[in-house]
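Remarks on the structure that follows.
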Number of protein chains: 2
Amino acid sequence: VDQAVHYKATIEYDGTDFLGFQVQPDGRTVQGELQTALARLNRAAPVRVRGAGRTDSGVHATGQVIDFFLDWGHGDAVLQRALNAVLPLDIAVRMLERAPAGFHPRFSATSRVYRYTIWNEPQRSPLARRTSLHVAEPLNERTMAAALQFILGEHDFASFGQPTQGESTVRRLLHATISRDGSWLFVELEASGFLYRMVRRIVGSLLVISRRQRPPEWLREVLLASDRAAAGPAVAPTGLCLTAVHYDGA
Amino acid sequence: VDQAVHYKATIEYDGTDFLGFQVQPDGRTVQGELQTALARLNRAAPVRVRGAGRTDSGVHATGQVIDFFLDWGHGDAVLQRALNAVLPLDIAVRMLERAPAGFHPRFSATSRVYRYTIWNEPQRSPLARRTSLHVAEPLNERTMAAALQFILGEHDFASFGQPTQGESTVRRLLHATISRDGSWLFVELEASGFLYRMVRRIVGSLLVISRRQRPPEWLREVLLASDRAAAGPAVAPTGLCLTAVHYDGA
């Protein structure tokens, strides 16, 4: 008599006060808070949540995708409102729908999009401090964009990160853009998948290039080295946001 | 042997964790933190800070203006960097310059600009929660803009707020605009001065009008009533930001 429906939800969160997405033995996580909220709507019976991306401590999301099974008798819009009423203020369900047959938020995904935000002004910004990295010296977005062209496409990205389990380090970087809006600089990367800290190490390497310590072509050398010691240091998680997860036919 | 220089500074702060701008007997304030930071750069001798606007608890600023006198021997750029190094992360000095002769941040000001930010989507936004008001129902910015035309110019604004001391309640509203950027709605008001909670009561009245509980012309009736019971309720401080203070010739 399992009447559970398979749901897919798009989630936004302010990562500042979380130890990342994935449940940890100690500490507050996004997955943990989602499971607690869903259990409250399920007569205290546990509900398992799966996520598309295991965002790190301090990383934000506007387009994280999760799924879960729930026996709920009151309509999807009512479920979304009920979830947003019981979830803490730093997590919200932006969209809720029925999952397609066989859907898995991580394994069905065809690509993920991350955005890294830099506040590029001589002085730091108190209002931007939770959602950006402050870089005081003027950054050259053309040089940074030129460098990104060297890593577009399918490559072994071992220099930029580790796989979560012992899998392959080959990924396909589909789009890579830099845009500026006044003092804001945005690095947007879309790939088939990302290795652990891959976006933060790519952005860290772009900063090395923008400071003219290395030419744009150096990014290709880093890639070919297949050695994590070759890349620039990972930048802070505050500037990172998972903005979208794409699926075939959606 | 007082070598003190008169400085004018433009300040940004995240108002979330402050009991407002003005020093209070108990609790953390922007003025208090600025005075503590300046005293540290003044061999622990107290430095008095004056501000252009007494922003309320929870209200933000990107363009608050302050002044102070300090005997500092190392150049203005070094002073700004030193201040930003000792200030807490939720306050920063965006600009530092020498004050003109006879300058007073409050009494020399010719106008102030406040912006009120609304997140206008069915679901709340965790990343926007500290800097906006969430309004779930779609707002009609044309109706709101039409209403604002009825209060432009010099009027007795007693219906929308109290003066901080027993002064006149006449103010000149110079500009009033509504703009939308996707789910964001911005109300921007520039006036010769603002009464206590005046922006928040004007925005609260605009919400009443947008919900079609009252026509746009009702805002003129509220104004003419000269009675605080006539206006809509004040909206939350989270969405409010002091963005600029203008002075003659600057």
Side-chain angles (χ1 to χ4, degrees), chain A residues 9-18 30 33-34 37 55 58-64 76-96 115 117 119 121-132 134 136 181-183 236 238-243, chain B residues 9-18 30 33-34 37 55 58-64 76-96 115 117 119 121-132 134 136 181-183 236 238-243:
Chain A
T10 306
I11 304 295
E12 174 178 333
Y13 47 87
D14 175 345
T16 309
D17 299 325
F18 290 108
V30 177
E33 294 287 351
L34 286 164
T55 57
V59 175
H60 315 290
T62 54
Q64 170 77 285
D76 299 355
V78 180
L79 173 57
Q80 185 176 4
R81 280 200 299 275
L83 266 173
N84 282 335
V86 296
L87 279 168
L89 292 178
D90 49 1
I91 314 182
V93 178
R94 295 290 300 274
M95 209 158 68
L96 182 77
R115 186 184 58 221
T117 302
W119 173 251
E121 278 244 330
Q123 310 302 333
R124 58 188 173 77
S125 165
L127 286 162
R129 75 190 190 286
R130 295 168 155 256
T131 51
S132 65
H134 175 222
D181 179 9
S183 304
T238 46
L240 189 57
C241 185
L242 173 57
T243 58
Chain B
T10 306
I11 305 294
E12 174 177 333
Y13 47 87
D14 175 345
T16 309
D17 299 326
F18 290 108
V30 177
E33 293 288 352
L34 286 165
T55 58
V59 175
H60 316 289
T62 54
Q64 170 77 284
D76 299 355
V78 180
L79 174 57
Q80 184 176 3
R81 279 200 300 275
L83 266 172
N84 283 334
V86 297
L87 279 167
L89 291 178
D90 48 1
I91 315 182
V93 177
R94 295 288 301 274
M95 209 158 67
L96 182 77
R115 186 184 58 220
T117 302
W119 172 251
E121 277 245 330
Q123 310 302 334
R124 59 186 173 76
S125 166
L127 286 162
R129 75 190 190 286
R130 296 168 153 254
T131 51
S132 65
H134 175 222
D181 178 9
S183 303
T238 46
L240 189 57
C241 185
L242 172 56
T243 58

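Reminder, nothing fancy here: chain letters follow the sequence lines and each chain counts from 1. Fair warning: this is a prediction, and the values are worked out from it, not measured in the lab.
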Item to check | Per-residue contact mode, B:P88 against chain A (heavy atom under 4.5 angstrom) | outcome: backbone
Item to check | Interchain contact, B:S125 with chain A, by part (heavy-atom threshold 4.5 Å) | outcome: both
Checklist entry - Tell me, side chain or backbone of A:I91 under 4.5 Å from chain B's heavy atoms, or both, or neither? => result backbone
Checklist entry - For chain B, which of A:L127, A:D14, A:T131 has the most heavy-atom pairs under 4.5 Å? => result A:L127
Checklist outcome for this item: Cut-off 4.5 Å, heavy atoms of chain A, and the answer for B:R94 is both
Checklist outcome for this item: Pair count under 4.5 Å, heavy atoms only, with chain B: among A:R124, A:H60, A:Q123, A:R81, highest is A:R124
Next on the checklist: Is B:L89 in contact with chain A via its backbone, its side chain, both, or neither, using a 4.5 Å heavy-atom distance?
Outcome noted: both
